[in-house]
Chemist: 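Here it is, the structure, as structure tokens.
The analysis underlying the following values was restricted to heavy atoms, covering all of them including side chains, and did not include hydrogens, waters or symmetry mates.
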Amino acid sequence: MSEIVEEIDSPRPCSRQGRKERDLHATEDDWMEAREIAARLTLTETRDIMTQVHSLHKRDPNFPLFTIEKIEHFIGNPAIFEAPDEHLAQIEEMKIEAALVTNNSPYAEVRAVVENTDDPRMPCSTIRAWFLGILFAAVISFIDGFFDIRQPSIYVTSNVPQLLAYPLGKLLEKVLPNVGITLCGVRHSLNPGPFNKKEYMLITIMASISKDVPYTNYIVWMQYLPIYFNQPWANNFGYQITIALSTNFIGYGLAGLCRRFLVYPSYCVWPASLVTIALNTAFHSDGNVPVADPLKKTWRVSRLRVFTVAFALMFVYFWLPNYLFVALSFFSWISWVAPGNIHLSVITGSDSGLGLNPFPTWDWNMVVSCLDPLMVPFFSTFNFFVGSLVTFPVVTGIYYSNVYNTAYLPVNSNHVWDHFGQQYNVSSVIDEDGIFSSANYSAYSPPFLSAGNLVVYMFFFAIYTSTITYGILYHRQEIAMDFRDLIDSFRSHKRKHETRGRQILDVHNRLMKSYREVPEWWYFVVLVMSLALGVIGLAKWPTHTSPAVVLYGIVLCLIFVVPIGIIRAMTGVEVTLNVLAEFIGGSWVEGNALAMCFFKTYGYVTCAHALSFSNDLKLAHYLKIPPRFTFWAQMVPTIISTFICVSIVQYQVNLKDVCTEKAPYRFFRPGINTFFTAAVLWGTVGPRRMWGVGGQYTETLVGFPLGVLVTMILWWLGRKYPNNKIIRNAHPVVIFTGGLIWAPYNISYIWPAVPIGWLSWVYIKSRYLGFWSKYNFVISAAFSAGIAISALVIFFALQYKGIELNWWGNNIAFKGCEGSGACTLEQLRDGEYFGPRAGTFH
């Protein structure tokens, strides 16, 4: 290891570097670059810049509080401007801070992996980039689409194509000749030179877009199969491709129109994109600056070598918790003492219980299942944990007090149950045409939810009102400013550069001015065409669904897409609209499960797609990929993947015994069955019977006002105590999101991330910023890629062939109550049932 680290015998450079990192929250390289620019700033320019910085970031938890305090002292002290010679040190520091903001990103985590320079001459949209991008898009969409109905399913994550694209790109660089053609004055060569970072990222974007199967495929399966709605006409290719293209492309229209809200602002960091860029940087970075680590040693190893070593270690290690010693993943060691003890299982179980366990797992995949502690800011991880911790006694209280008859059910199940304690049979409440039957319902049972699931729904209600309230209170000025910019962009007399002029232009915005922007009307056309396809799909075929469902779903998305986009861009935490879409859709089209599914598709999936595409746009923004190249790199692979996935369904529905116990290739449809259950429960039975007047879960609607109240209280406390670290870092929406961890997950899925996140984002980042900036996101990318590749190898080499290891280390985690998940606090005798008496519910 001598070539990697060396002892530091004296405090010479590292001591000074450490002080700069702590005082300015910048590495040595960032500080030296900013100092040169700062020398050219006047005092007036510095004051204007820092006034705008304070306005934008004073409530920003990602921006250092001590920097905000210094800015407030600077702009609020008239003596500095009256007698500048007496405050030279403070003025110099503020000039350097102003230079950091305007010549780079305001955030150290962005500066860690994103370069603040660009070469517009660097080839990007090359023939080899498009070849590899389309190849990966086709292969990934085929694998994920073909095995989507398999149990267990097989899918390729975005880490895999990103990892494979680099060696393939370098191979093409070596073997392809430098020959090509010239079109419109631009030469397009098979080999324009070294395979570069822009080509690499363009391929990554094209590949990542294709990993999701069209959501409408689930609707088609549900319609076509005889065991569900038995509508053979749903196998019509025109119908399937129309609704699939509609739902896939609406997200692009919204993402493009929301660029001013979610992509251009510097405070929209998009933490997930930084990990993707870190891998890109590891392969393409030329520099290797020595950095000091917490052990007082200097690391000289490159990012690429750290990635390779971390990737190899995780690839090997993941065999333990995933195959050789599964108990390391669900490390419920407390419940192993007495596997049949219901109380130990309920409180400490990692699989079926609530997961209160100081050492719940040794599996990195489980650690990052909710949040990656190396990727998202620590305040996000901790707020999420606080939400789960606060709701823990709520779940246990509901369960042990048997409120809503929850003691007769598993404590933390996400299934819906009947009053016999069995999973709810939705087929028992519909007639032969798939329509809700009141008589059948009265003769069967109302639906019941577990204690954990009840808390999840209550906090879902809270998170929606909290999101809207948060957007209004915390970001109303930015949203209003960006909305005016959006309106101005459609006015021909407004110059294009003015639409960004009302915000501080960091260097990434300025560098992107070198490229022609995608006009808003391009995205607007995509949106209109997608809406038209949706209306045609619902109107032309007998879906028994009003085309207005498309518009109502889009309205729901438009209301939420900006606030939840800002939240995700700043915190790395995603708010999904699935429950709200089911709740509103089921109430609006009660009795029509199919209409509710379409409402959910256009209200929830569209918004999720818009945010995913916005993340890709930010990736391109950070890498300085010309916007028009990004536009087509999103459109073309989406068309290809949509046709591939729909064609796969056309083939699979004709397979003999598909989606039955005799299905070939294990095509047992587990996801479709879950989709059908949710469709009938919320679309046919309807939320009115559960949450309406007289409904058994009406009290959980308190979540709606609770979301508003908590958000307003934290906002008021933030205004009253703006420099209180705890209040400044308290994020109401993320706290409520932590309350969604239950059913089927639990506190053991978030607790291990807390100490790791603190070590990375608080301890190391604040003391050894250079070391953290160089390696943190690279290690996160390496671990994720190692797990993805290792899981694929294990599956195809062993699990696919049914080769399993049967020993104590793989069995103990699933013994007794923890393994079965069937132990309940209260039991029914033969012939008994709980809840309302038969005939009293309708």
Chemist: If you count heavy atoms of other groups shown closer than 6.0 angstrom to CZ of F131, is the number above 12?
Modeler: no
Chemist: May I ask you to establish whether K618 and Y622 are in a cation-pi arrangement, using a distance under 6.0 Å from NZ or CZ to the six-membered ring centre and at most 45° from the ring axis?
Modeler: yes
Chemist: Could you state the interatomic distance from CD1 (I209) to OG1 (T638), rounded to the nearest 0.5 Å?
Modeler: 4.5 Å
Chemist: Are the side chains of P519 and R628 in contact, using a 4.5 Å heavy-atom criterion?
Modeler: yes
Chemist: Flag the pair F195 / L168 as yes when at least one side-chain heavy-atom distance between them is below 4.5 Å, and no otherwise.
Modeler: no
Chemist: List the steps, then state whether salt bridge (charged side-chain N to carboxylate O under 4.0 Å, His left out) holds for R128 with E173.
Modeler: CA-CA 9 Å; R128 66 189 177 196; E173 173 192 322; 5.4 Å; no
Chemist: Keeping Y200 on the side-chain end and Q162 on the backbone end, is there a donor-acceptor pair under 3.5 Å?
Modeler: yes
Chemist: Would you confirm whether W31, through its side chain, and I96, through its main-chain N or O, come within 3.5 Å as a donor-acceptor pair?
Modeler: no
Chemist: Is the CZ atom of R516 crowded by more than 12 outside heavy atoms at less than 6.0 Å?
Modeler: no
Chemist: Are Y470 and H731 an aromatic pair, judged by ring center distance below 6.0 Å?
Modeler: yes
Chemist: Are E92 and K95 ion-paired here, with the side-chain N under 4.0 Å from a carboxylate O?
Modeler: no
Chemist: Which value, rounded to the nearest 0.5 Å, describes the distance between I567 atom CD1 and T467 atom OG1?
Modeler: 4.5 Å
Chemist: Mind checking the CG-CG spacing from D212 to N248? Nearest 0.5 Å is all I need.
Modeler: 8.5 Å
Chemist: Quick one: does any side-chain atom of S641 pair with a main-chain N or O of S210 as donor and acceptor, under 3.5 Å?
Modeler: no
Chemist: Can E45 and R40 be counted as an ion pair, charged N to O under 4.0 angstrom?
Modeler: no
Chemist: Please step through side-chain contact (heavy atoms from CB on, under 4.5 Å) for the pair K170 and Y166, ending with a clear verdict.
Modeler: CA-CA 6 Å; K170 297 299 288 184; Y166 182 76; 3.8 Å; yes
Chemist: Should I75 and M94 be marked as a side-chain contact (heavy atoms from CB on, under 4.5 Å) after you check the CA-CA gap, both sets of side-chain angles, and the distance that decides it?
Modeler: CA-CA 10 Å; I75 62 179; M94 283 297 99; over 6 Å; no
Chemist: How about F483 and F261: do any of their side-chain heavy atoms sit closer than 4.5 Å?
Modeler: yes
Chemist: I'd like to know whether CZ of R35 has more than 12 heavy-atom contacts from other residues, nucleotides or ligands below 6.0 angstrom.
Modeler: no
Chemist: For V573 and V733, what are the C-alpha separation, side-chain angles and deciding distance, and is it a side-chain contact (heavy atoms from CB on, under 4.5 Å)?
Modeler: CA-CA 9 Å; V573 175; V733 180; over 6 Å; no
Chemist: Is the backbone of S766 close enough, under 3.5 Å, to the side chain of W772 for a donor and an acceptor to pair up by distance?
Modeler: no
Chemist: What are the two closest non-hydrogen atoms of N178 and S189, and how far apart are they?
Modeler: OD1-OG, 2.6 Å
Chemist: Let me confirm one number: the CD1-CE distance from I479 to M481, rounded to the nearest 0.5 Å.
Modeler: 10.5 Å
Chemist: Does any part of the side chain of S760, heavy atoms only, come nearer than 4.5 Å to the side chain of F378, both counted from C-beta?
Modeler: no
Chemist: Check whether any side-chain N or O of N280 sits under 3.5 Å from a backbone N or O of K197 as a donor-acceptor pair, and report yes or no.
Modeler: yes
Chemist: Minimum heavy-atom separation for H188 to I127, with atom names?
Modeler: O-CD1, 3.9 Å
Chemist: Can we say E115 and K624 salt-bridge, meaning some charged N sits less than 4.0 Å from an Asp/Glu carboxylate O?
Modeler: no
Chemist: Can I get a per-line list of side-chain donor-acceptor pairs under 3.5 Å for residues 777-784, giving both atom names and the distance, sequence neighbours left out?
Modeler:
from : atom 1 : to   : atom 2 : distance (Å)
S780 : OG     : D372 : OD2    : 2.6
S784 : OG     : S780 : O      : 3.1

Chemist: Measure the shortest side-chain to side-chain distance between P626 and C124 over non-hydrogen atoms and say whether it is less than 4.5 angstrom.
Modeler: yes
Chemist: Around atom CE of M529, are there more than 12 heavy atoms from other residues, nucleotides or ligands closer than 6.0 Å?
Modeler: no
Chemist: Give a yes or no on whether E36 atom CD has more than 12 heavy-atom contacts from other residues, nucleotides or ligands under 6.0 Å away.
Modeler: no
Chemist: Looking only at heavy atoms, what is the nearest atom pair of I80 and L43, with distance?
Modeler: O-CD2, 4.2 Å
Chemist: Quick one: does any side-chain atom of N62 pair with a main-chain N or O of M570 as donor and acceptor, under 3.5 Å?
Modeler: yes
Chemist: Please report the closest heavy-atom contact between V263 and S614, naming both atoms and the distance.
Modeler: CG2-O, 3.9 Å
Chemist: Hydrogens and angles aside, do R111 and N116 bring a side-chain donor and acceptor to less than 3.5 Å of each other?
Modeler: no
Chemist: Please answer whether the main-chain N or O of D60 pairs with a side-chain N or O of R728 as donor and acceptor at a distance below 3.5 Å.
Modeler: yes
Chemist: Could you tell me whether a side-chain N or O of N509 sits under 3.5 Å from a main-chain N or O of Y264, the two making a donor and an acceptor?
Modeler: yes
Chemist: Decide whether a cation-pi geometry holds between R47 and F81; the criteria are a distance under 6.0 Å from NZ or CZ to the six-membered ring centre and an angle within 45° of the ring axis.
Modeler: yes
Chemist: Has the side chain of N103 got a donor or acceptor atom that lies under 3.5 Å from a matching backbone atom of A34?
Modeler: no
Chemist: Do F136 and M206 touch side chain to side chain, with heavy atoms closer than 4.5 Å?
Modeler: no
Chemist: When the aromatic ring centroids of Y252 and H609 are compared, is their separation below 6.0 Å?
Modeler: no
Chemist: Please tell me whether Y107 and H57 have a donor and an acceptor in their side chains that are separated by less than 3.5 angstrom.
Modeler: yes
Chemist: Are E520 and L257 close enough, and set up right, to give a side-chain contact (heavy atoms from CB on, under 4.5 Å), and what steps lead you there?
Modeler: CA-CA 6 Å; E520 258 68 22; L257 295 175; 4.0 Å; yes
Chemist: If you round to the nearest 0.5 Å, how far is CG of L135 from CD1 of I140?
Modeler: 9.0 Å
Chemist: Out of curiosity, W130 CH2 to L202 CG, how far, rounded to the nearest 0.5 Å?
Modeler: 6.5 Å
Chemist: Can you sort out the partners of R121 under salt bridge (Lys or Arg N to Asp or Glu O under 4.0 Å), two or more places apart, ordered by chain and number?
Modeler: D119
Chemist: Can you see which heavy atom on V734 is nearest to which on S380, and at what distance?
Modeler: CG1-O, 3.5 Å
Chemist: Salt bridge or not between R259 and E517? Use side-chain N to carboxylate O under 4.0 Å.
Modeler: yes
Chemist: With a 4.5 Å heavy-atom cut-off, do V53 and F63 have their side chains touching?
Modeler: yes
Chemist: Check whether any side-chain heavy atom of D616 sits under 4.5 Å from a side-chain heavy atom of L619, and report yes or no.
Modeler: yes
Chemist: Given 3.5 Å as the limit, does a donor-acceptor pair link the side chain of W270 with the main chain of L262, or not?
Modeler: yes
Chemist: Is E33 atom CD crowded by more than 12 heavy atoms from other residues, nucleotides or ligands, each under 6.0 Å away?
Modeler: yes
Chemist: For residues V526 and G253, report the shortest heavy-atom separation together with the two atoms involved.
Modeler: CG1-N, 4.1 Å
